[in-house]
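From a predicted model like this one, the values you see are computed outputs, not experimental measurements. All chains are named by letter (A, B, ...) in the order of the sequence lines, taking the proteins before the strands, and each is independently numbered beginning at 1.
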Amino acid sequence: MASRPVTSTTLTRPKQRREADASRHHAAALLAWYDRHRRRLAWRALPGAAVDPYRVWLSEIMLQQTTVKAVGPYFARFTERWPTVEALARSPVEEVMKTWAGLGYYSRARNLHACALAVAERHGGRFPSDVEGLRGLPGIGDYTASAIAAIAFDRPAAVVDGNVERVVTRLDAIETELPAAKPAIKARVAELLDSTRPGDFAQAMMDLGATICTPKRPACSLCPWQASCAARKAGTQETYPRKAPKTTGRLRRGAAFVVVRADRHLLVRTRPPKGLLGGMTEIPGSVWSADFAVAAARAEAPMPLAFTRLPGSVSHVFTHFPLELAVFHASAPAGAPAPAGMRWITLDEIAGEAFPTVMRKVIAHAL
DNA sequence: CACGCGTGGCA
DNA sequence: TTGCCAAGCGT
């Protein structure tokens with residue numbers, strides 16, 4: 001082994017050491033900021049109080065691609081109705097779907113219940129405490145496994161969500177586009193991570209991204225890392241992270257058939273468990289396609305009734321395509337049987353049914 | 001890796 | 001108004 005070159009004994013410390021010192025400084029500054037400005041959120045334990053992994057997990061699933069504001073009332077409803085993971089596991093999945101209705105990305109609700117069952121039956125009602133154990137559970141991917149390990153169990157996991165991607169790509173002015181930059185970002189977070197307070201560090205990074213290092217008009221003058229942020233130095237903070245532009249889908253059209261029975265029942269059916277709005281309740285309708293012709297819609301009616309085309313239409317925008325539905329209405333005699341694969345619900349049951357938002361728009365349009 | 005998968009809020 | 005987005009996951 002060769003001896004160190006003489007230059008390493010000068011006042012300048014080795015590069016690796018300097019970087020480690022800088023990372024410690026970053027973490028300390030961030031945690032000091034967090035201690036003053038942390039958000040008070042229903043799923044967060046108060047400082048010093050015990051963390052409930054069930055509440056951490058539930059909130060993390062709900063927060064996937066969903067705003068804090070939207071999650072609030074759902075989190076309250078779920079924890080009131082199901083205070084523990086075992087209570088949730090004992091509930092029929094249909095009840096979970098109904099309670100999730102309106103929050104979007106419905107495979108999360110199905111996976112939520114599957115995960116609760118797995119934890120209750122295979123893990124004795126306790127969540128695994130490390131990333132590897134969490135990673136394989138339904139609905140738990142790289143981000144969520146790391147977040148639960150860090151926040152609920154104080155494991156030094158590198159937690160990388162959309163907020164952290166934005167913070168780190170700005171801090172280092174990373175030019176690589178997402179998602180290709182993901183491994184570099186994760187490595188950088190692992191380097192910055194404060195192993196004495198991993199849970200707080202993870203939440204601090206996300207709070208920083210959510211309140212200071214925002215996508216538009218970031219409040220750089222309030223940022224604990226402003227002095228060392230490469231993007232801020234260049235004045236280009238709003239241009240990060242780099243990512244390829246998304247394309248919006250073509251408009252699709254279709255028809256919905258609202259059938260109300262004389263004894264105040266509504267005709268509905270359940271969508272297949274996978275795919276768009278999987279497992280959710282819907283008003284019977286046509287296929288949705290770009291070349292759908294409303295003139296031919298009546299051929300797809302669920303029952304041989306005198307349907308009236310209602311004026312106007314229902315518009316809705318999904319992640320990958322906009323939708324426009326023509327709405328037809330008909331009355332059926334009391335006691336009429338439902339066609340195969342369909343069922344009747346009372347009008348009073350509409351509110352508690354697992355209707356996605358687009359279907360509530362259809363019902364509101366017709367009733 | 002690219003795509004499918006909801007919704008409501010914001011400029 | 002239209003586009004973009006907000007604590008991703010599964011395939």
Test of understanding: with side-chain contact (heavy atoms from CB on, under 4.5 Å), list the residues that count as partners of A:T319, not counting sequence neighbours. A:Y105

Taking [X] for the side chain and [Y] for the main chain, is one N or O donor matched with an acceptor at less than 3.5 Å?
X	Y	answer
A:Q226	A:C223	yes
A:W225	A:A29	no
A:S91	A:L88	no
A:T214	A:K216	yes

Does a side-chain N or O from [X] land closer than 4.0 Å to OP1 or OP2 of [N], or not?
X	N	result
A:H316	B:dT7	yes
A:Y105	C:dG10	no
A:Q65	C:dG8	yes

Pick base, sugar-phosphate or nothing for [X], based on heavy-atom distances below 4.0 Å to the nucleic acid.
X	answer
A:V71	nothing
A:G209	nothing
A:L41	base
A:W43	base
A:G275	sugar-phosphate
A:R39	base

Within the 4.5 Å heavy-atom criterion, are A:R360 and A:V314 side-chain neighbours or not?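 No, too far: nothing below the 4.5 Å cut-off.
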
Which residue lies toward the 5' end of DNA chain C, A:T214 or A:Q64, if each is placed at its nearest nucleotide?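 On the 5' side of the pair lies A:T214.
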
Output the rounded distance in Å from [atom1] ([X]) to [atom2] ([N]).
X	N	atom1	atom2	value
A:L276	C:dG10	CG	P	18 Å
A:R250	C:dG3	CZ	C1'	19 Å
A:N111	B:dC5	CG	P	15 Å
A:I61	B:dG6	CD1	P	15 Å
A:D161	C:dA6	CG	C1'	9 Å
A:H113	C:dC9	NE2	P	21 Å
A:M62	B:dG8	CE	C1'	16 Å
A:L134	C:dG8	CG	C1'	15 Å

Expressed as a whole number of Å, how far does the [atom1] atom of [N] sit from that of [M]?
N	M	atom1	value
C:dT11	B:dG6	P	14 Å
C:dA6	B:dC5	C1'	15 Å
B:dC1	C:dG10	C1'	13 Å

Report yes if the distance between the aromatic ring centroids of A:F127 and A:W57 is under 6.0 Å, otherwise no.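 Yes.
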
Would you say the ring centers of A:F318 and A:F321 fall short of 6.0 Å from each other?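 Distance test on ring centres: under 6.0 Å, yes.
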
Atom pair CZ (A:R44) and CZ (A:R55), whose distance is rounded to the nearest 0.5 Å: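 Here the rounded value is 13.0 Å.
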
Surrounding [atom1] of [X] (heavy atoms of other residues, nucleotides or ligands, distance under 6.0 Å), is the total greater than 12?
X	atom1	value
A:R309	CZ	yes
A:R242	CZ	yes
A:R343	CZ	yes

Less than 4.0 angstrom from a charged side-chain N to a carboxylate O is my criterion; do A:E282 and A:R269 meet it? yes

Taking DNA chain B as the partner, which of residues 352-367 of chain A come within under 4.0 angstrom of it by heavy atom?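 Those residues are A:P356, A:T357, A:V358.
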
Would you jot down, in residue-number order, the residues of residues 136-160 of chain A having a non-hydrogen atom under 4.0 Å from DNA chain C? A:P138, A:G139, A:I140, A:G141, A:D142, A:Y143, A:T144

Near DNA chain C, counting only heavy atoms under 4.0 Å, which residues of residues 45-60 of chain A show up? A:E60

Take A:H320 and A:P179, find for each the nucleotide of DNA chain B with the closest heavy atom, and name the residue whose nucleotide sits nearer the 5' end. A:P179

Is any side-chain N or O of A:T66 under 3.5 Å from a base N or O of B:dG8, one able to act as donor and the other as acceptor? no

Sorted by first residue and then second, give each ring pair (Phe, Tyr, Trp, His ring centres under 6.0 Å) pair with at least one member in residues 228-270 of chain A; sequence neighbours left out.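 Every ring pair (Phe, Tyr, Trp, His ring centres under 6.0 Å) pair that includes a residue of residues 228-270 of chain A, provided the two are not neighbours, is A:F257-A:F307, A:F257-A:F328.
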
Under 3.5 Å, is there a donor-acceptor pair between the A:D348 and A:T346 side chains? no

When you check the side-chain N and O atoms of A:E60 and A:Y143, is any donor under 3.5 Å from an acceptor?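 The criterion, which ignores hydrogens and geometry beyond distance, is satisfied for A:Y143 and A:E60.
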
With a 3.5 angstrom cut-off on both distances, give the Watson-Crick or G-U wobble partner of C:dC4, or none if there isn't one.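 Across any shown strand, C:dC4 pairs with B:dG9.
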
From C:dA6, B:dT7, C:dG8, nucleotide with atom closest to A:R166 side chain: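 The answer is C:dA6, which lies nearest to the side chain.
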
Which atoms of nucleotides 9-11 of chain B (N or O only) lie under 3.5 Å from a protein N or O atom, and what are those distances?
none

